Amino acid sequence: MRLDHLSYAAGPDGLASTAERIGALLGRSFVDGGVHPRFGTRNMTLALAGGTYLEIVEVLDHPASDKAPFGQAVRARSALGGGWLGWVVSVPDITTVESRLGREAVQGNRHVPDGTDLRWKQIGVHGLIADPQLPFFIEWQSPVEQRPSAGADGAYALACLEIAGDPQRVSEWLGETVEAPLEDVKVEWVAPHGTPGVIAAQVQTPNGLVRI
């Protein structure tokens, strides 16, 4: 189990403008990630060191976005002005999570502009919707070299994750201590004065630490 990526919902200015704004803060551009046909969303991504990446995601005017939990979650966050949607951990075998949560993972895929069809399974978005401090889980089915974390510039790395929530609650959800997927990332836990969830991410760049 390891941290895979952080997901940020586009604001009212849309996906491209949100990605341009955050990319300007970091000094590096996001790339077009393509469409999630099953979820009714599309994204732009930025690879970071350590096999992680940032994702900015936007809901599409598509029936799938009303039915799929991920599309619902993105739509709800964007309706609030956009911002951090949540964090995602990858697991080597998602059947163990299925057994623990008592339901089946759903198939995910994304049509990347270069023609690649990225594939994975995911589970736990309902948990994220109910309690945004909780991550959801994915198991990649596509090889490492095709994933959004490939080709990262080592000068850009996630340094710290700020989460409003309770690490004990998150550990129970993960089925193991919360430090397991976050061993390489500093986490600052703050007591939520409102909705729990990801508050900010601090990214190390060639120009210093940037807080998003």
Side-chain angles (χ1 to χ4, degrees), residues 3-26 29-46 48 52-89 106 108 110 122-138 148 158-167 169-170 173-174 178 181-182 185 187-203 210-212:
L3 176 66
D4 190 79
H5 66 278
L6 304 180
S7 187
Y8 189 101
D13 51 344
L15 177 64
S17 293
T18 303
E20 184 175 352
R21 173 170 51 83
I22 295 177
L25 289 173
L26 297 172
S29 298
F30 283 73
V31 298
D32 185 0
V35 173
H36 306 99
R38 296 170 186 264
F39 305 147
T41 56
R42 63 177 179 175
N43 75 0
M44 297 183 74
T45 64
L46 175 62
L48 299 175
T52 63
Y53 67 97
L54 301 179
E55 164 192 65
I56 300 175
V57 63
E58 174 182 67
V59 72
L60 300 173
D61 183 15
H62 189 280
S65 66
D66 295 324
K67 298 176 182 178
F70 186 72
Q72 294 170 5
V74 175
R75 185 184 300 279
R77 190 69 182 90
S78 290
L80 294 173
W84 288 110
L85 181 66
W87 53 298
V88 186
V89 297
V106 299
R110 178 153 54 81
Q122 69 182 51
I123 191 172
V125 176
H126 281 298
L128 166 72
I129 292 172
D131 190 353
Q133 67 181 305
L134 304 178
F136 66 91
F137 306 86
I138 69 169
L158 180 63
C160 180
L161 191 56
E162 299 174 33
I163 303 176
D166 177 5
R169 169 75 179 105
V170 178
W173 173 251
L174 291 172
V178 70
L182 297 169
V185 179
V187 179
E188 294 180 357
W189 295 93
V190 297
H193 299 290
T195 303
V198 175
I199 294 176
Q202 298 175 27
V203 180
V210 176
R211 184 177 185 268
I212 303 168

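These numbers come from a predicted model, not from an experiment. Here, residue 1 is the first one in the sequence, and each next residue gets the next number.
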Report task. Just grab all the side chain to side chain donor-acceptor pair (under 3.5 Å) pairs involving residues 70-86, residues at least two apart or on different chains. Result -> Ser65-Arg75, Asp66-Arg75
What's the separation between atom [atom1] in [X] and atom [atom2] in [Y], rounded to the nearest 0.5 Å?
{"X": "Gln202", "Y": "Ile212", "atom1": "CD", "atom2": "CD1", "result": "10.0 Å"}
{"X": "Glu20", "Y": "Met44", "atom1": "CD", "atom2": "CE", "result": "9.0 Å"}
{"X": "Asp166", "Y": "Trp173", "atom1": "CG", "atom2": "CH2", "result": "15.0 Å"}
{"X": "Leu6", "Y": "Ile56", "atom1": "CG", "atom2": "CD1", "result": "11.0 Å"}
{"X": "Ser29", "Y": "Leu46", "atom1": "OG", "atom2": "CG", "result": "8.5 Å"}

Report task. Verify, without hydrogens or angle tests, whether Glu188 (side chain) and Cys160 (backbone) share a donor-acceptor contact under 3.5 angstrom. Result -> no
Please give me the minimum heavy-atom distance between [X] and [Y], naming the atom from each residue.
{"X": "Pro37", "Y": "His62", "result": "O-CE1, 4.3 Å"}
{"X": "Ala201", "Y": "Leu158", "result": "CB-CD1, 3.9 Å"}
{"X": "Phe137", "Y": "Leu174", "result": "CE2-CD2, 3.8 Å"}
{"X": "Leu85", "Y": "Ala73", "result": "CD1-O, 3.5 Å"}
{"X": "Trp87", "Y": "Val198", "result": "CD1-CG2, 3.6 Å"}
{"X": "Ile199", "Y": "Ala164", "result": "CD1-CB, 3.6 Å"}

Query raised in the report: Below 4.5 Å, heavy atoms only, C-beta onward: do Asp4 and Tyr53 meet side chain to side chain?
Result: yes
Query raised in the report: Got Leu128 and Pro135 here, is their nearest side-chain heavy-atom distance under 4.5 Å?
Result: no
Report task. Would you sort out whether His5 and Thr52 count as a side-chain contact (heavy atoms from CB on, under 4.5 Å), showing the intermediate values? Result -> CA-CA 5 Å; His5 66 278; Thr52 63; 5.8 Å; no
Query raised in the report: Under 30°, 30 to 60°, or over 60°: which ring-plane class applies to Phe70 and His36, parallel, tilted or perpendicular?
Result: perpendicular
Query raised in the report: Would Val106 and Arg38 satisfy side-chain contact (heavy atoms from CB on, under 4.5 Å), going step by step from the backbone distance to the final call?
Result: CA-CA 10 Å; Val106 299; Arg38 296 170 186 264; over 6 Å; no
Query - Distance-only donor-acceptor check, side chains Thr18 and Asp13, under 3.5 Å - result: yes
Requested in this report: Starting from the C-alpha separation in whole Å, work towards a yes-or-no answer on side-chain contact (heavy atoms from CB on, under 4.5 Å) for Val178 and Trp189.
Outcome: CA-CA 11 Å; Val178 70; Trp189 295 93; 3.7 Å; yes
Query raised in the report: Are Val57 and Arg42 close enough, and set up right, to give a side-chain contact (heavy atoms from CB on, under 4.5 Å), and what steps lead you there?
Result: CA-CA 6 Å; Val57 63; Arg42 63 177 179 175; over 6 Å; no
Report summary line: Applying side-chain hydrogen bond (donor to acceptor under 3.5 Å, both in side chains) to Tyr8 and not counting sequence neighbours gives none
**Report entry** Those residues that, when tested against Val31, pass side chain to side chain contact (heavy atoms under 4.5 Å, CB included) (two or more places apart)
**Finding:** Thr45
